[in-house]
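Written out below as structure tokens is the structure these notes cover.
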Amino acid sequence: MKHGSPCSRRRAEQRLPPHSCALFEKGPHGDQIVSGLLPDHGGRMATARSPCNPQSTVDLGAQYITRTPHYAKKHQSFYDELLAHGILKPLTSPIEGMVMKEGDCNFVAPQGLSSIVKHYLKESGAEVSFRHRVTQINLRNDKWEVSEERGSPERFDIVVLTMPVPQILQLRGDIANLISECQRQQLESVRYSSRYALGLFYEAGTKIDVPWAGQYITSNPCTRFISIDNKKRNIESSEVGPSLVVHTTVPFAVTYLEHSTEDVQELIYQQLESILPGLPQPVVTKCQKWRYSQSSNPGWVYRIPPPVPTPTDWSWLPEAMRWEGCCGHFWAQWEGTPQSISDGCQKLARGVTPII
Ligand SMILES: Cc1cc2nc3c(=O)[nH]c(=O)nc-3n(C[C@H](O)[C@H](O)[C@H](O)COP(=O)(O)OP(=O)(O)OC[C@H]3O[C@@H](n4cnc5c(N)ncnc54)[C@H](O)[C@@H]3O)c2cc1C
């Protein structure tokens with residue numbers, strides 16, 4: 001981990017990406033060190049690259065960002081910025097079976113949805129470390145000591161966790177005792193669906209002859225969604241082959257959650273061929289299990305008391321979500337808000353960052 005510039009923490013606070021497990025630390029000379037802990041870019045906004053051609057990509061998790069009318073104004077700067085940088089573009093390709101509410105607007109990311117996360121990490125100025133799996137969080141002299149699978153523990157002033165709630169509950173150390181029984185019960189009640197995603201990469205010049213860019217499927221026990229991913233993003237090139245993604249239904253994923261990825265991939269592919277007979281052979285495939293895919297519970301932010309109580313304004317949170325009492329330096333947030341997911345993530349991130 002390296003020292004950031006003196007202003008790096010401030011910038012990171014302003015631009016903390018929603019997708020991070022972020023740790024903030026004070027440097028020995030008053031400088032601020034900022035570090036994010038992620039095993040990869042993007043989290044559930046994952047974009048896979050073909051090993052044969054890195055320009056060929058496929059979104060394995062989130063597919064598009066929905067802007068609701070209510071948040072079009074509130075989060076205008078977010079959308080304006082991403083549109084200005086070409087990171088988001090309006091979704092114009094046909095997605096069959098998509099349920100659209102009045103006033104909603106959908107956006108795709110031409111470089112893949114992980115480019116949103118990459119953009120914010122870059123803008124934050126933070127030094128980012130990847131592939132650190134946090135296993136324990138303990139309190140040591142008013143600091144949070146974070147242990148990981150490999151490497152020695154490190155101490156931080158502030159910890160913000162944004163991983164799915166069940167993964168927060170798996171963390172060991174003092175954090176487990178700092179979560180009250182009542183909070184634990186509420187956190188345990190957060191339910192996630194599971195899904196598999198299968199990404200297929202094709203050779204340049206391959207034609208996938210369907211009139212849509214995406215299709216929601218309601219009549220297949222295995223397949224819920226198919227997208228010709230490059231078409232969804234309006235990218236057609238003679239040098240880069242097309243890519244396709246299949247999302248399974250939740251019941252299929254639950255049934256095969258503990259099976260080998262190879263077996264599951266085979267089953268998904270067989271079903272895909274029955275839906276799209278004559279589909280060309282892919283050159284590369286990538287199967288991704290999403291054990292914690294999406295949550296239907298309302299988004300909450302939890303703070304875990306001490307080590308250092310500070311006056312905090314929680315008025316931005318709806319009253320029902322506020323937890324009275326002393327506030328601390330530990331936040332756990334989750335998505336699945338009644339708004340669209342991206343608007344929910346934005347709202348929570350905007351609420352937490354000024355407090356940090
Ligand atoms: C199949 C699928 C389809 C979706 N479709 C859409 C869509 O079309 N539109 C939409 O808006 N949303 C969609 N979503 C939801 C959207 O992707 C998520 O809501 C959003 O990405 C959540 O972001 P997050 O930062 O809260 O969590 P995550 O993206 O899950 O980020 C958490 C990060 O924490 C890391 N992590 C976990 N445990 C640890 C640990 N112990 N130590 C260190 N790091 C850890 C994870 O690896 C991950 O990188 C979809 C999700 C899935 C899975």
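Each ligand, and each atom within it, is numbered from 1 in the order the structure gives. This is a predicted model, so every value here is computed, not measured.
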Scan the side chains in residues 234-243 for donor-acceptor partners under 3.5 Å anywhere in the protein, sequence neighbours excluded, and list what turns up.
unit_1: N234; atom_1: ND2; unit_2: T92; atom_2: OG1; d: 2.8
unit_1: S237; atom_1: OG; unit_2: E239; atom_2: N; d: 3.0
unit_1: S237; atom_1: OG; unit_2: V240; atom_2: N; d: 3.1
unit_1: S243; atom_1: OG; unit_2: T57; atom_2: O; d: 2.8

Checklist line | pair I65-M45: side-chain heavy atoms closer than 4.5 Å | finding: yes
Notebook entry, point to check: Any side-chain heavy atom of L139 within less than 4.5 Å of one from L178?
Noted result: yes
Numbered atoms and elements of ligand 1 in range of [X], under 4.0 angstrom, heavy atoms:
X	result
Q63	5 (N), 6 (C), 7 (C), 8 (O)
G43	29 (O), 48 (C), 49 (O)
S293	1 (C), 2 (C), 51 (C), 52 (C), 53 (C)
H132	42 (N), 43 (C)
R133	38 (N), 41 (N), 42 (N)
Y64	7 (C), 8 (O), 9 (N), 10 (C), 11 (O)
M45	21 (O)

Backbone, side chain, both or neither: what part of [X] comes under 4.0 angstrom of ligand 1, heavy atoms only?
X	answer
E148	neither
Q167	side chain
H247	side chain

Note to self: Using a plain distance cutoff, I'd like to know if L60 has any nitrogen or oxygen under 3.5 Å from a nitrogen or oxygen of ligand 1.
What the structure shows: no
Check: Any N or O on Y292 sitting closer than 3.5 Å to an N or O of ligand 1?
Finding: no
Item checked: Donor on one side chain, acceptor on other, N106 and T66, under 3.5 Å -> yes
Note to self: Between S260 and D263, is there a side-chain donor-acceptor contact under 3.5 Å, judged purely by atom types and distance?
What the structure shows: yes
Item checked: side-chain hydrogen bond (donor to acceptor under 3.5 Å, both in side chains) partners of Q170, counting only residues at least two apart -> Y292
Item checked: Whether F252 and Y196 hold their rings parallel, tilted or perpendicular, with breakpoints at 30° and 60° -> perpendicular
Next item on the list: Assess A197 for proximity to ligand 1: is some non-hydrogen atom of it under 4.0 Å away?
Entry: no
Next item on the list: State whether R155 and E145 are salt-bridged, where the test is any N-O pair (Lys NZ or Arg NE/NH1/NH2 against Asp/Glu carboxylate O) under 4.0 Å.
Entry: yes
Next item on the list: Taking the six-membered ring for Trp and the full ring for Phe, Tyr or His, determine whether the centres of Y79 and F107 are under 6.0 Å apart.
Entry: yes
